[in-house]
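Order of appearance sets the numbers: ligands from 1, and atoms from 1 within every ligand. Computation of the quantities below employed the complete heavy-atom set of this structure, encompassing side-chain atoms and omitting hydrogens, waters and symmetry-equivalent molecules. Nothing fancy with the numbering, it's 1 onward along the sequence.
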Amino acid sequence: MTRIDLRSDTVTRPSEGMRQAMAAAPVGDDQYGEDPSVNRLQERIADLLGKEAALFVPSGTMANQIGLKILTRPGDEVVLGDGGHIVWHEAGAGAANSGVQFAVVGRGGLFTAADLRAAYKPPGHIVFPPTTLVAVENTHNRGGGVVFPQQDAVAICAAARELGMASYLDGARLFNTAAASGRSLAALAAPFDVVSVALSKGLGCPVGSVIAGHREVISHAVRARRMFGGAMRQSGILAAAGLWALDHNFERLVEDHANARLLAERLAGLRGVSLDLETVQSNIVIFRMEEGAPDAATIVARAQELGVLVSAFAARTVRAVTHLDVSRADCEFAADRLVQVLGGR
Ligand SMILES: *Cc1c(COP(=O)(O)O)cnc(C)c1O
């Protein structure tokens, strides 16, 4: 039976070309700095992001955890938008690993410099936890794949600098942001001290993220990666997938965005479905099932019976994500089935 998997853009399998590049990768022991493929990937991503240095890490979650670790001290407060990956999807690691607490501001994952200033608590105060870091997620997953407005990112980071805080960009889907906005990765990363990007999302690699910033900061990241158990050896096998993906899977992301748009336009307006087309800016479609309509788990189960996999993101929230392993025709098929499940025409 046909099976269209829209649960996440992480479900992609490495293509034949990517596998060949991985198999042929020159490698060495990266703990001695001797893996040429890792070194090349790090240099290339640092360059793309306009940063001095970059470090290959096993996952986006580890990149975020390293960011928290090197930019805060235990007891500090981190300001971020609601629904952030750092708060929702990292199993409480920020509190466990770095001893930080989170102040959630704004709506739909977005916030402004005014929100940051309102939440800010200065260091040296007798009762306040010092706010030392602000984190932005772009695109924002739980916000429906929305692009973080760049003028807000610029203003937030300027305010952070003025307040003596550091800034971090969770750019797990920054390649999607670039494709959706037409801005360069360097322009998107410029306001931030430290930036991470994922290779295992839209770029279709099996493993890996990269964290970038000033050389001095990345030297701290090297130690944190070791502390978290993420230091690797002949990881050039994995880095080679990233190098291949930059050449073959970056520019095509606009296709995923068009496919998400197609899906969203078919679903918006169906009875019981609340879907804000304004939020469908990249490869993610999130909709809410209204009160009285079937809940998310029911929709997921019925869609699965018809060969379409989507995820229940909350009791009444469903998420579908497009990626390089689903074609336009696959998305048309999925849209037909989802319309059927949702009881529309
Ligand atoms: C997927 C994702 C990550 C990292 O996830 P891993 O599965 O650990 O690689 C980080 N931030 C955001 C916004 C994500 O969507």
Inset, instruction - Ignoring hydrogens and angles, state whether a donor on the side chain of N138 or T177 is under 3.5 Å from an acceptor on the partner side chain. - result: yes
Legend entry - S167 side-chain N/O to D193 backbone N/O, donor-acceptor pair under 3.5 Å: yes
Legend entry - Pairs satisfying side-chain hydrogen bond (donor to acceptor under 3.5 Å, both in side chains), at least one member in residues 302-324, at least two apart: N141-R319
Legend entry - Neighbouring protein residues of ligand 1 - any heavy atom closer than 4.0 Å: S59, G60, T61, N64, H85, E137, D170, A172, R173, K201
Legend entry - Gap separating the CH2 atom of W244 from the CE atom of M22, nearest 0.5 angstrom: 11.5 Å
Legend entry - Exercise: do N64 and T61 side chains pair donor with acceptor under 3.5 Å: no
Inset, instruction - Could you grab the distance from atom CG of D30 to atom CZ of R225, nearest 0.5 Å is fine? - result: 5.5 Å
